[in-house]
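Both backbone and side-chain heavy atoms feed into the values below; hydrogens, waters and symmetry mates do not. These numbers were taken from a predicted model, which means no experiment stands behind them. The residues of the chain are indexed from 1 along the displayed sequence.
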Amino acid sequence: QVQLVESGGGLVQSGGSLRLSCTASGRRFEINHMGWHRQAPGEQRELVATITSGGSTNYAEAVSGRFTISRDFAKNTVYLQMNSLRPEDTAVYYCNADGRIPPAIIEGSYRYLEVWGQGTLVTVSS
């Protein structure tokens, strides 16, 4: 039905940059918010950044000024540009999206969903 697939993770030196990509499949999925969360070893998952269908963005304080979230609506893709990376940014990064699927028939109902990707590992060495 709906899938999110992340890419772009890897190993980078402190101070370096990476760009993560996440593409949604499912042509009938009308996306509202998209965002990125991360989970560091031994830590709970935390919000990194979100972007609305209107382009408004929100960032966690820890990444503000260093990370940039953006969307390509035509490609159903969200990006996370990560600059000035620090060892504490090391985590599995997860893409997520919420939205709805329209009904297949006139009297049907919308189906509202929140979807998560499988995660991509970012490792920042000191």
Side-chain angles (χ1 to χ4, degrees):
Q1 294 182 0
V2 180
Q3 288 186 319
L4 301 178
V5 179
E6 304 101 329
S7 64
L11 176 64
V12 65
Q13 293 277 347
S14 180
S17 298
L18 287 173
R19 190 177 80 154
L20 306 183
S21 299
C22 171
T23 298
S25 63
R27 295 178 181 178
R28 301 179 72 236
F29 185 43
E30 300 175 358
I31 299 172
N32 184 20
H33 294 82
M34 297 191 78
W36 293 91
H37 291 68
R38 67 186 182 186
Q39 187 167 20
E43 304 289 338
Q44 293 186 333
R45 189 174 299 185
E46 64 178 356
L47 185 145
V48 176
T50 60
I51 184 167
T52 70
S53 59
S56 297
T57 58
N58 178 260
Y59 297 93
E61 182 179 355
V63 307
S64 180
R66 300 187 297 119
F67 291 10
T68 302
I69 187 171
S70 60
R71 291 174 69 168
D72 185 330
F73 291 92
K75 296 181 179 180
N76 297 317
T77 299
V78 62
Y79 304 95
L80 186 68
Q81 178 66 48
M82 304 184 294
N83 299 324
S84 302
L85 283 163
R86 306 165 181 169
E88 52 263 43
D89 295 318
T90 295
V92 177
Y93 284 72
Y94 297 91
C95 174
N96 79 287
D98 67 77
R100 66 183 188 178
I101 298 175
I105 60 176
I106 296 297
E107 295 186 358
S109 299
Y110 282 90
R111 180 185 174 194
Y112 295 88
L113 299 173
E114 184 174 28
V115 185
W116 291 83
Q118 81 286 351
T120 185
L121 177 63
V122 172
T123 303
V124 184
S125 63
S126 60

Using residues 32-44 as the side-chain source, report each donor-acceptor pair under 3.5 Å to any protein atom, sequence neighbours left out, with the distance given to one decimal.
from : atom 1 : to  : atom 2 : distance (Å)
H37  : ND1    : N96 : OD1    : 3.2
R38  : NE     : E46 : OE2    : 2.8
R38  : NH1    : D89 : OD1    : 3.0
R38  : NH1    : Y93 : OH     : 2.9
R38  : NH2    : E46 : OE2    : 3.3
Q39  : NE2    : E43 : O      : 3.2

Does anything in residues 63-91 form a ring pair (Phe, Tyr, Trp, His ring centres under 6.0 Å)? List the pairs, not counting sequence neighbours.
none

Who are the side chain to side chain contact (heavy atoms under 4.5 Å, CB included) partners of E88, not counting sequence neighbours?
R86

Any donor-acceptor N/O pair, T90 side chain to V124 backbone, under 3.5 Å:
yes

Do side-chain atoms of R45 reach the backbone of V92 as a donor and acceptor pair under 3.5 angstrom?
no

So, for A24 and L4, which heavy atoms are closest and what is the spacing to 0.1 Å?
CB-CD2, 3.3 Å

Which residues pass the side chain to side chain contact (heavy atoms under 4.5 Å, CB included) test with T68, not counting sequence neighbours?
Y59, Q81

Looking only at heavy atoms, what is the nearest atom pair of S14 and S126, with distance?
CB-CA, 4.2 Å

Between E6 and Q118 (side chain of the first, backbone of the second, donor and acceptor by atom type, cut-off under 3.5 Å), is there such a pair?
yes

For residues N58 and T50, determine if any side-chain heavy atom of one lies less than 4.5 Å from a side-chain heavy atom of the other.
yes

Path from I69 to L85 over hydrophobic side-chain contacts below 4.5 Å:
yes

Taking every non-hydrogen atom, the tightest pair across A97 and F29:
CB-CE2, 4.2 Å

Residues forming a side chain to side chain contact (heavy atoms under 4.5 Å, CB included) with S7, sequence neighbours excluded:
S21

Return the minimal non-hydrogen interatomic distance between V122 and M82, and the atom names on each side.
CG2-CE, 3.8 Å

How long is the span from the CG atom in L80 to the CD1 atom in I51, to the nearest 0.5 Å?
10.5 Å

When the side chains of residues 99-116 are checked against the rest of the protein, which donor-acceptor pairs come out under 3.5 Å, sequence neighbours left out?
from : atom 1 : to  : atom 2 : distance (Å)
R100 : NE     : E30 : OE1    : 2.9
R111 : NH1    : Q1  : OE1    : 2.3
R111 : NH2    : Q1  : OE1    : 3.1

Mind listing the closest non-hydrogen atom pair of G8 and L18 along with its distance?
O-CD2, 3.9 Å

